[in-house]
Structures are given as structure tokens and as C-alpha cells.
Amino acid sequence: MRLKEPLSNNFLIRFINRMQNRKLFIVAVTLIVQLLLNDFLSFSLYFVPALFLIIPITLNFDTKPWNVLLITFLSALLFDILSDGVLGLYAAAATFAAAVRILILPLFISNEMWGKINYPAPQSIGPYRFILFSILMFSAFMVVYIFFDGFGIVSSSLIIIRFLLSVGINSAAVFLILYFFEKKR
Amino acid sequence: MTERNNLIRALLIFALFITLEIVSIVLIKKNSIIQRYQISLFTHNIKSFFWEKNENIIQFFKLKKINEELADDNARLYRLIDEYQNILVRQKEDQLNLSNTYVTDSLFISGEGGSFDFIPVTIIKNSSNKQHNYLTINKGRKDGIEENLGVISDRGVIGITHAVGENYSLILSFLNPDQNISASIKSSNTFGPLSWSGLSVNRAELREIPLHTRFEVGDTIVTSGLSAMYPSNIPIGTIESSKVSDGVFNQMSIILFEDYRSVTNVYVVKHKDKKMMDALEGASLK
């Protein structure tokens, strides 16, 4: 007798598998989560939600560098406008992270990984490499973000805690999102 | 040839990166809320409409709590009126010569004969989880709101109006580390700049209090009334602790009365002689 999968799990996996563009779905869901986090949840000041960085992280391996910069800048600027923050803050930080991506991505790709997933994900470049890649991306983002947001105003201990928590939580979240959604491919 | 092309391409990418960073930095530097408001005026108006509807629904379910708060506020106001009346009676009895300033400042809360007008507004969008926080209120220029007016509640200072639309206004929250207000220790009348600590939503720092000033932990901090933006004697918080700063001043940690995460009903305060004072300040700056 064949055991049935739990209904919710079964439905979700079938739904995701049927999606024409799975990455688009992942990014859309993440962006909605980011907007909800910004608007409705009262986070402590020790953590900056930056899940929208999944956009430059998951751009295809062969995306042209200027496209990486422009797409990241425009998407971050959109988030600046939609979230009630300082206009240009996300844009400055994300553009720097995009520049770092252009520099470091060649270090993370090799010929054998070019399979179904043609962008950085735990399944394409390996989980450990992906974690390192996203930590570097979020670190670059947070350095610029903290510099413009509160450098010289807030204490150094807060800056360190904010940096470590933000990089850690955001990297873990992006890893889990991509790992979960690409698991059944 | 290929190497040269690669170099040119790398330089172009670098130039694009620098350009985008400069654009971002200019935006950050010029982040006048007015500019921001102009950029997103259209989206903001639509969003404000929905936030207001959303707030109406939330308010409906909060009515019981709001009624209780209003009853508490009323009681407190009655006590205040009583207190002020007693002061007036005592002073009349002592036949002291009251200055007009004292009377008008003390009676601001009556709304008549005082120095300030109070415009009750509702906060329809609130952020308190960032280093730079903003609020949106449901009234704008057509209700008499202008730029650079103080916003208060009965439990503290909320912020300053920065961008005013026809129907909605954007408030620069007190929860911005670079925003200072003049506050004083109620028991000694010693004043100093008060700003948000940036560490916790309910804590601020009062600085530049001379070492000889007498105070105790738990003393109340109020607005000093030294600017035209806020009336005097609005309770802000209590002293939690203090430490010596720069060898000559006390720096105090203040626990704020207001819960910035749940505040909804506030007042925009408008000094009746604001235009005259602005003109004077403008003339003196020239």
C-alpha cells in the first residue's frame, strides 16, 4: 500500500514544480516577506532585514556586470521608496554588494556545476560555498548600510551586534529559502 | 586587443558603479523628507488611503482600550487644571505680579489664551524599528498643518512635521538619533538637549546637565519650552541612571513615557506667533 504524502506538502511541491519560472516565484515571495517585515513587524534595532538582496544573489551566472549593477540599484531604490527609510540607503548598500558579487562570483563557479540551476544556489555551487558567498554579499551590504545609517551616532557595540545579527540571519534565511525551493527539482 | 577591450569594459563597469553610488549618496544626503515625498507622492497617497482604512478597522477593535485611555487622560487633565487653578489662586492671594508669559505658557492646555493651537490627528502609519523612523498622520495642509510643527501626545514628544500634503503629512519621528529637543528636569528646571539613544524604543539620553544639578533617579523630565516648537512642561519620561560625561556634565538615561509602537492619537502643536518668530529668526540669520 502506498502511503500518501501530507496534503499540504504534496500540493505545495506540485505547485512549485509546475511553475514556469521557479526563481521568479522564490524572489517574489521573498520580496513580499521583506515588505511585510519592514511594515508590520516591530524588529529590534539590532537587525536589518535585507532579504531583497536575493535579487542580485540569484541573478544568472552569465548576467552582464552592468546589468547586475543596474538591476540591483533599481530594485533597492524601489525598496527605499516602498519602505519608510532613508531614500538611497538600500540603494547605496545594495549597489556595493552587487559590485562585490561581480568580483567574487568567479571564485565560486566551476565547470561541473552548470546544470539545471544557472544561478548561485546551494544546489548549484554547493551549500558551504553558497553560505560563504551570501555571507560576503550581506557583509558588503551591511558595511555600507551601517556606515550611512548610524556611523558616528550609535555606539560601536550596537554596530557590531547589528552587523553580526543582520549578516547571520539574512544569510541563513536566503540559504533556507533557496535550499527549500530548489530541493525537489 | 582583447586585453585592451577587457580593460575598457572593466573601467566602464567601474564608472557605472561609481555613478550609481554617487546617485545613492546624493539621495541620502539630500534626504529631505520633502524631496522624498515629491518622489513618492502618488504612491504615498494611495498607500495612505489604505493605511487609513486599515487603521479604521484596527481602531474599531481597539475602542475599549482607547476609551479607557481617554478616561485616564481626562482624569489627568482634570488634575492638571485643578493644579493650575490652585497655583493661580495661591499667587493671587500672595499678590504676586504674574508675567504674561508664565500665564500663557502654563495655561496652554486650555487652548484659549495660550500660546499654542492643538490639532488632534491620528497616526495611520508608524515605524519604530529603524534608526530613522517616520510616521504618517491623517491630516494635511487643508487642516492647517504646516512644515516644522511639533507633534506631541500626552505622554511625550512624537516628532516634527516634515512633508505636508493636502490630506496627509509625514512626521519625522523623535526616534531619530540626530534629532534633539530641549528638555528639562522638572524638579530643578535645568535643561539640556534630549535625543533618542538609538538602542531601545523607550529610552533617550539627556545631555549637558551641569554636575552641580541636584536630581534623583525617577525624577520627571519635561519639555523646557525654550523653542517655539513644543509647549513647556509636557512630560517625557523619568531618569533611569546617570553618568559623568566629558568631566563637566551629567549624561542621563531617560525611560520614555510614550510607547512609540502603539501611539495613535496625537496633537500637532502650532505656536500662534510662529510666523512672526520665523520672520525674526530669518532676519537675524541674514
Side-chain angles (χ1 to χ4, degrees), chain A residues 35 37-49 64-74 76-103 144-155 157-159 161-162, chain B residues 9-10 12-33 35-44 47 51 54 125-136 170-173 175-179 195-201 203 259-262:
Chain A
L35 281 176
L37 290 180
N38 271 0
D39 272 4
F40 294 109
L41 287 183
S42 182
F43 269 101
S44 78
L45 296 153
Y46 301 99
F47 168 62
V48 178
K64 300 270 186 253
W66 42 80
N67 285 342
V68 173
L69 288 173
L70 282 172
I71 291 168
T72 308
F73 174 77
L74 292 174
L77 196 63
L78 182 69
F79 267 90
D80 273 326
I81 292 168
L82 291 176
S83 61
D84 290 330
V86 177
L87 190 65
L89 191 57
Y90 275 141
T95 307
F96 183 67
V100 169
R101 180 198 195 268
I102 294 167
L103 291 174
V144 179
Y145 187 95
I146 288 172
F147 181 78
F148 286 120
D149 192 39
F151 194 75
I153 300 171
V154 292
S155 65
S157 57
L158 175 65
I159 287 174
I161 295 168
R162 209 175 179 210
Chain B
R9 217 170 64 168
L12 284 174
I13 292 163
F14 184 68
L16 176 66
F17 166 68
I18 294 294
T19 310
L20 294 177
E21 282 293 334
I22 288 171
V23 170
S24 306
I25 291 164
V26 168
L27 283 172
I28 294 169
K29 204 174 174 191
K30 284 194 171 178
N31 186 33
S32 126
I33 303 298
Q35 184 200 34
R36 173 194 167 77
Y37 202 75
Q38 282 167 347
I39 291 169
S40 59
L41 188 63
F42 179 68
T43 51
H44 198 271
K47 281 162 77 181
W51 287 332
N54 178 45
K125 180 78 172 65
N126 186 3
S127 80
S128 59
N129 57 349
K130 301 179 176 98
Q131 284 292 313
H132 300 271
N133 295 288
Y134 305 103
L135 308 101
T136 307
L170 213 59
I171 310 295
L172 180 62
S173 171
L175 301 184
N176 276 275
D178 43 358
Q179 195 187 137
S195 61
W196 182 47
S197 63
L199 293 169
S200 162
V201 178
R203 277 181 177 74
D259 182 356
Y260 286 85
R261 286 165 295 204
S262 63

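Residue numbering restarts at 1 for every chain, and letters A, B, ... go by the order of the sequence lines.
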ask   = Roughly how far, to the nearest 0.5 Å, is CD of B/E21 from CG of A/L69?
value = 9.0 Å
query = Which bit of B/S195 comes within less than 4.5 Å of chain A, counting heavy atoms only: side chain, backbone, both or neither?
reply = neither
A/Y90, part contacting chain B, at a heavy-atom distance under 4.5 Å = neither
message = Could you work out, with salt bridge (Lys or Arg N to Asp or Glu O under 4.0 Å) as the rule, every residue matching B/R9, not counting sequence neighbours?
response = none
request  = Check the pair B/L27 / A/L77 against side-chain contact (heavy atoms from CB on, under 4.5 Å), numbers first and verdict last.
outcome  = CA-CA 10 Å; B/L27 283 172; A/L77 196 63; 3.6 Å; yes
remark   = dist B/I22:CD1 -> A/T95:OG1 (nearest 0.5 Å) comes out at 12.0 Å
remark   = In terms of heavy-atom pairs under 4.5 Å with chain B, the winner among A/A93, A/A98, A/A92 is A/A92
ask   = Rounded to the nearest 0.5 Å, how far apart are OG of B/S24 and CZ of A/F148?
value = 8.0 Å
Intermediate values then yes/no, side-chain contact (heavy atoms from CB on, under 4.5 Å), B/V23 and A/F73 = CA-CA 10 Å; B/V23 170; A/F73 174 77; 3.7 Å; yes
